[in-house]
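Quick caveat: nothing in here was measured; it's all calculated off a predicted structure. So you know, we letter chains A, B, ... as the sequences are listed, proteins then strands, and number each from 1.
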Amino acid sequence: MIELTHDALDPEKITAKVYRDTNGAVVTFLGTTRDNFEGKQVLTLEYEAFDEMAIKKLEEVRQEMMAEFGLEQVAISHRVGTVGIGEISLVVAIGSPHRKEAFYACHKAVDRIKEVVPIWKKEVYQDGSRWVACEDHEFSPAESHGHAH
Amino acid sequence: MIELTHDALDPEKITAKVYRDTNGAVVTFLGTTRDNFEGKQVLTLEYEAFDEMAIKKLEEVRQEMMAEFGLEQVAISHRVGTVGIGEISLVVAIGSPHRKEAFYACHKAVDRIKEVVPIWKKEVYQDGSRWVACEDHEFSPAESHGHAH
Amino acid sequence: MELNVRLFALYRERAGANTISVAVNDGATVADLTAEVRRQLPNLAPPEVNIVVAVNADYAAPDVILKPGDDVCLIPPVSGG
Amino acid sequence: MELNVRLFALYRERAGANTISVAVNDGATVADLTAEVRRQLPNLAPPEVNIVVAVNADYAAPDVILKPGDDVCLIPPVSGG
């Protein structure tokens, strides 16, 4: 139920993993690559991962969500390498008898993935590039340095 | 972006409506039909709608979510008629620059749909059937009467 | 006036009809209508259950005044999704 | 002891290398290692930024004691998703 891949993600295939006749709800998150950063046009994104640890951490997040929300179906796929604009970089799919747990678990899983999984995203512009420090972080490309969590 | 249909729902097609290169998040809810109710095997489900009003209310829910969460891409499809076990009866797909709004709006949209849209679900068993009063409601098939919201 | 009242789902099955004809006074409200419906069909809904009414495809409060030709529907507890 | 320290993303680019060799005393901790890394590569991360270390593919607290042969990686702020 965990996948780290250079291939394009197929949300339908990943979501299909969490369908069960005993479930009434499937909540899916698709992370897609945005075409701009503070008005600057992004041409493409490069995702780099520390593979062994990323897979381990993705599985940890999966297990955490299953334990915390009493779930059995949690699938996570993360893409690495070059990802074009508008393409899917992350899929989290949760199947659950009831929707509340599915929504909470899916949201928290994405938050945790962005906190703990050693994957890095570089935005490539016409005139340069920038390692994204962390999502929604006010970060000027000029002072492109590391930032503690 | 609103659909009430007898045909099988195609989540990928519905989700595709909310993709935008300016969006970083797509959250999708799939409501699927469960195979049991309090241990009783459900064979199939029958959805009935007051069509004109259901479409109007679905569009109202959509507009509410767009206004409350500052969104532009909200797609809702609800199936009616006979729906087999494990099939999809409802799809809500939200596209948003950021994930928080997408998760909140999707969850709230589903809650509101279940509160205000005039659609009714009948569970068909081997030995009878039951109009479901409202989801997660402790409701004995024996005293199968209406229940105010 | 005579109103054609449409029924759905549970109410349709309980009444054994898609539509019932209900006579109310001119100027009658939604509350007057549901009171009359309860007289005609005492088993439609138990007393503790509020019968929800839609007029012209929108929910109508008990004090809404009905007009001839209104599209009046009784809405059992919804269970979509 | 001499440790091979792997770098990723921003740190890899700043150092201009996938791996750096860092000499620390036997019994050195993760904190000792990052102090030494800062001496070798003062521009890797500004002083106010904590350099996060993974030992054998898991996050390691500053007081963890390093052993020869440990897989040591420096983890810049993550930005997956």
**Q** In terms of heavy-atom pairs under 4.5 Å with chain B, which of V92(A), I85(A), V27(A), T28(A) leads?
**A** T28(A)
**Q** Select one option (side chain, backbone, both, neither) describing which atoms of L90(B) are under 4.5 Å from chain A's heavy atoms.
**A** neither
**Q** Please tell me whether E87(A) and T33(A) have a donor and an acceptor in their side chains that are separated by less than 3.5 angstrom.
**A** no
**Q** Can you see whether Q73(A) engages N23(A) through a side-chain donor-acceptor pair at a distance of less than 3.5 angstrom?
**A** yes
**Q** Which bit of F103(A) is near chain B, if near means a heavy-atom gap under 4.5 Å: side chain, backbone, both or neither?
**A** both
**Q** Is E60(B) paired with K57(B) through a side-chain N to carboxylate O contact shorter than 4.0 Å?
**A** yes
**Q** Test the R130(B)-F37(B) pair against the cation-pi criterion, namely NZ or CZ under 6.0 angstrom from the six-membered ring centroid and within 45° of the ring axis.
**A** yes
**Q** Heavy-atom pairs under 4.5 Å with chain B are the metric here; pick the option from A25(A), G86(A), P11(A), A93(A) that has the most.
**A** A25(A)
**Q** Just by distance, with hydrogens left out, do Y47(B) and S89(B) show a side-chain donor and acceptor under 3.5 Å apart?
**A** yes
**Q** Which one wins on heavy-atom pair count under 4.5 Å against chain B: D35(A), T15(A), I88(A)?
**A** D35(A)
**Q** Side chain, backbone, both or neither: which part of T22(B) has a non-hydrogen atom closer than 4.5 Å to chain A?
**A** both
**Q** Thinking salt bridges, do R112(A) and E64(A) make one under a 4.0 Å N-O criterion?
**A** yes
**Q** Let's test your reading of the structure: which of I94(B), V42(B), V110(B) forms the most heavy-atom pairs below 4.5 Å with chain A?
**A** V110(B)
